[in-house]
Amino acid sequence: MEHKMHKAERQLSDADTMAILKKGDHGTLSVQGDDGYPYATPINYIIVDDKLYIHSAPYGYKIECLKRDPKCCFSAIISAEIIPSKITAAFESVVMTGTAVFVEDRAEKQAALEAFVTQKHQGYEEIGFKMIEKMFDKTALLRIDPISTTGKAYKG
């Protein structure tokens, strides 16, 4: 599944796409909602071994939708800056289409949850690891297995 980009010169290589994705920490997850309508929700994410992970409560509308149909689309705007003199914006963004997998492997889940703490909450590792221990079985961890990932950038 390849999406044709209107301005192909702005498309990034796979390596550059992963590099900018690693700089970010939040995006939007779109799932198939009720009555054929898409449902998009803001989420935070982590990259571990070039895999994108999302943590969540194990219940709620997003989870119901993904259990019904795991096909999803994740998008992130890593950076954006309006350039008034050029009537445009400089930006870096990523769109990933794929399948959400509920991670059941305890070692994979532990490693990803610890990465959330060590990468995004430096200085709070002790508190974070205690929280993981307490909430481990009450937390859903999703991995997006991509079928298509596209990075796009315009530096102005």
Under 3.5 Å: donor-acceptor pair, side chain of K109, backbone of F136
yes
Are F74 and Y45 an aromatic pair by the rule of ring centers under 6.0 Å?
yes
Report, as yes or no, whether the 6.0 Å neighbourhood of atom NZ on K23 holds more than 12 heavy atoms from other residues, nucleotides or ligands.
yes
Heavy-atom closest pair, residues C72 and L66:
CB-CD2, 4.1 Å
N-O pairing of D145 and K51 below 4.0 Å:
no
When F116 is tested against each of I132, N44, D25 for side chain to side chain contact (heavy atoms under 4.5 Å, CB included), which residue passes?
N44
NE2 (H121) with more than 12 external heavy atoms under 6.0 Å:
yes
For side-chain contact (heavy atoms from CB on, under 4.5 Å), just list the numbers for S56 and I63, CA-CA rounded to whole Å, side-chain angles, deciding distance to a tenth of an Å, and then say yes or no.
CA-CA 8 Å; S56 173; I63 298 298; 3.7 Å; yes
Give a yes or no on this: more than 12 heavy atoms of other residues, nucleotides or ligands lie within 6.0 Å of atom OH of Y61.
yes
Chi angles and distances behind the salt bridge (Lys or Arg N to Asp or Glu O under 4.0 Å) call for R68, E64
CA-CA 6 Å; R68 186 173 57 231; E64 290 171 24; 5.6 Å; no
side-chain contact (heavy atoms from CB on, under 4.5 Å) for V103 and L142? Distances and angles first, verdict last.
CA-CA 6 Å; V103 176; L142 298 121; over 6 Å; no
What's the separation between atom CD in E114 and atom CD in Q119, rounded to the nearest 0.5 Å?
11.5 Å
Any non-hydrogen side-chain atom of T88 less than 4.5 Å from a side-chain atom of Y154?
yes
Just wondering, are more than 12 heavy atoms of other shown residues or ligands nearer than 6.0 Å to NZ in K120?
yes
Kindly check if the number of other-residue, nucleotide or ligand heavy atoms within 6.0 Å of CE (M131) is above 12?
no
Any V101 side-chain heavy atom under 4.5 Å of Y53 side chain:
no
If we ignore hydrogens and angles and just use 3.5 Å, is the side chain of Y37 paired with the main-chain N or O of Q32 as donor and acceptor?
no
Is there a path of hydrophobic side-chain contacts, each under 4.5 Å between heavy atoms of I, L, V, M, F, W or Y residues, that connects M96 with F102?
yes
Is the backbone of Q122 close enough, under 3.5 Å, to the side chain of E125 for a donor and an acceptor to pair up by distance?
no
Are C73 and V95 side-chain neighbours, meaning at least one heavy-atom pair lies under 4.5 Å?
yes
Of the non-hydrogen atoms in A140 and A57, which two are nearest, and what is the gap between them?
CB-O, 3.9 Å
Quick one: does T149's side chain get under 4.5 Å of V94's, heavy atoms only?
yes
Kindly give the heavy-atom pair with the smallest separation between I78 and L21, and that separation in Å.
CD1-CA, 4.3 Å
Between T28 and T41, is there a side-chain heavy-atom distance shorter than 4.5 Å?
no
Distance col, row S79:OG vs K155:NZ, nearest 0.5 angstrom, shows 6.0 Å
Verify side-chain contact (heavy atoms from CB on, under 4.5 Å) between I144 and T99, making sure each step is shown before the conclusion.
CA-CA 6 Å; I144 307 299; T99 303; over 6 Å; no
Going through the checks in order, is the salt bridge (Lys or Arg N to Asp or Glu O under 4.0 Å) test met by K152 and D16?
CA-CA 9 Å; K152 186 176 174 182; D16 288 344; over 6 Å; no
Any side-chain to backbone donor/acceptor pair from T17 onto G151? Under 3.5 Å, distance only.
yes
Does the side chain of I54 come within less than 4.5 Å of L29's, by heavy atoms?
yes
Nearest atoms (heavy-atom pairs only) where V31 meets C65:
CG2-CB, 3.6 Å
Membership question, hydrophobic clusters at under 4.5 Å side-chain separation (ILVMFWY): are L52 and V117 in the same one?
no
Do you know the tightest heavy-atom contact between R106 and D137?
NH1-OD1, 3.1 Å
Could you tell me the separation between the CD atom of E81 and the CZ atom of F91, rounded to the nearest 0.5 Å?
13.0 Å
Ion pair check, D49 and R143, cut-off under 4.0 Å:
no
What one should report as the nearest heavy-atom pair of A112 and V48 is CA-CG2, 4.3 Å
